[in-house]
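Let me begin by presenting the structure, written as structure tokens, before commenting on it.
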Amino acid sequence: MTATILDGRALAKTLREELRADTQAFIQNNGIAPSLAVVKIAGDPASDRYTRTIRKGCEEIGITFTEHTLPPETTQAMLEETISALSFDRTIHGILLHLPLPPGLDSARAIAQIDPTKDVDGVHPYNAGLLAMGRPGLIPNTPAGGMELLLRNNIPLKGQHATVVGRSVVVGKPMALLLLNEHATVTIAHSRTKDLAAVVRGADIVVAATGKPGLITGDMIKPGAVVVDFGVNVLEDGRVVGDVDFDSVVRVASAITPVPGGTGPVTNVMLLRNVLRAAQQQMARHHH
Ligand code: NDP
């Protein structure tokens, strides 16, 4: 058997088209565009690249994009003031704080200044709490994209056993909670898990979010399982690979997200969708 490829680029294109239509409708109804403010500290080329990608995505869809790049010598107080001002600014619907922050800046205290209704990265404890309670508000983009890949490809989740390998706050843990909300039976594995192979082998759906290239191999996969790979690992030779050993797993699984071209492309669209959702909710609230 060779697994079906869950094509993230194709899905991202479809989602962008839907989102552009929904954004144009929002603009028609409200007379303003949804708006995103990105806050970052200058001096990180990776963060500059990410910002350009987000700006381009916003422009394509019709979201207003503003960038607040603070100097490298920014203090905690200056950072918090910037975020707090954006939280109070009614013309801004979404706030994205680039993480990780440089050493010396406290991300938890900075995140606490984000108005939870503008938290388009889903990193505020309020939104994490809502997700844990089973009534998600704004959810983190990476796991949101993974769920979109599963749901839009009609992968059955209810009653299925899902094993999520990785328990980070931005990927593994929210993915496990989203699967639980869809009535999967969820196991969370991590670096202290005894016999990872056995835990993965029991799963109908395997999710990898570890940052360890090739950790999940074909011999660990139950025949016919569905595999979602969040890993983005750049090897010494420049190749980008996932946490899943694609060549061995593709022969055992029934469906698999490739790297690149799987979960990655969908993630950025989920951010833009969160901006539109945040704007819709804020407009609805202002009208009451
Ligand atoms: P973190 O480093 O924050 O978390 C990694 C998790 O994997 C931890 O929970 C860790 O366990 C677990 N882990 C590490 N090694 C093993 C192992 N040998 N066996 C089992 N579990 C292990 O990473 P992130 O969650 O931020 O990112 C995970 C991956 O996803 C990375 O490759 C990252 O590049 C990628 N990523 C992809 C995105 C996308 O859009 N597709 C977006 C964001 C990230 P413990 O908690 O015990 O330390």
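First listed ligand is number 1; within each ligand, the first listed atom is number 1.
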Of all the atoms in ligand 1, which lie at a distance below 4.0 Å from a heavy atom belonging to [X]?
X	result
Val232	32 (O), 34 (O), 35 (C), 37 (C)
Gly211	28 (C), 29 (C), 31 (C), 32 (O)
Lys212	15 (N)
Asn233	32 (O)
Thr142	38 (C), 39 (C), 40 (O), 41 (N), 42 (C), 43 (C)
Phe230	30 (O), 35 (C), 36 (N), 37 (C), 38 (C), 41 (N)

Ion pair present between Glu60 and Arg20, side-chain N to carboxylate O less than 4.0 angstrom?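 No.
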For ligand 1, which part of [X] has a heavy atom less than 4.0 Å away: the side chain, the backbone, both, or neither?
X	answer
Arg167	both
Asn141	neither
Thr267	side chain
Thr193	neither

Exam field: side chain [X] to backbone [Y], donor-acceptor pair closer than 3.5 Å:
X	Y	value
His161	Gly202	yes
Gln28	Gln24	no
Asp243	Phe230	no

Working to the nearest 0.5 angstrom, can you tell me the gap between Lys222 NZ and Arg201 CZ?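 Taking NZ in Lys222 and CZ in Arg201, the distance rounds to 11.5 Å.
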Which residue supplies the protein heavy atom nearest to [atom], what is that atom called, and how far is it?
atom	value
atom 17 (C) of ligand 1	Leu215 CD2, 3.8 Å
atom 1 (P) of ligand 1	Ser168 CB, 4.1 Å
atom 5 (C) of ligand 1	Thr210 O, 3.6 Å

So for ligand 1, is Ser191 a polar contact partner (N or O within less than 3.5 Å, distance only)?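 Yes, at least one N or O pair falls under 3.5 Å.
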Side chains of Thr82 and His68: donor-acceptor distance under 3.5 Å anywhere?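 Result is no, nothing qualifies.
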Examine the side chains of Asp121 and Asn141 and answer whether a donor and an acceptor come within less than 3.5 Å of each other.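 Yes, side-chain donor-acceptor contact under 3.5 Å.
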Atom CE of Met78: over 12 foreign heavy atoms under 6.0 Å: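 For Met78, atom CE is crowded (more than 12 foreign heavy atoms under 6.0 Å).
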Is it the case that over 12 heavy atoms from other parts of the model lie below 6.0 angstrom from the OH atom of Tyr50?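 More than 12 heavy atoms, drawn from other residues, nucleotides or ligands, come within 6.0 Å of this atom.
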Within the structure, is a non-hydrogen atom of Ala209 found at a distance of less than 4.0 Å from ligand 1?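 Ala209: in contact with ligand 1 (<4.0 Å).
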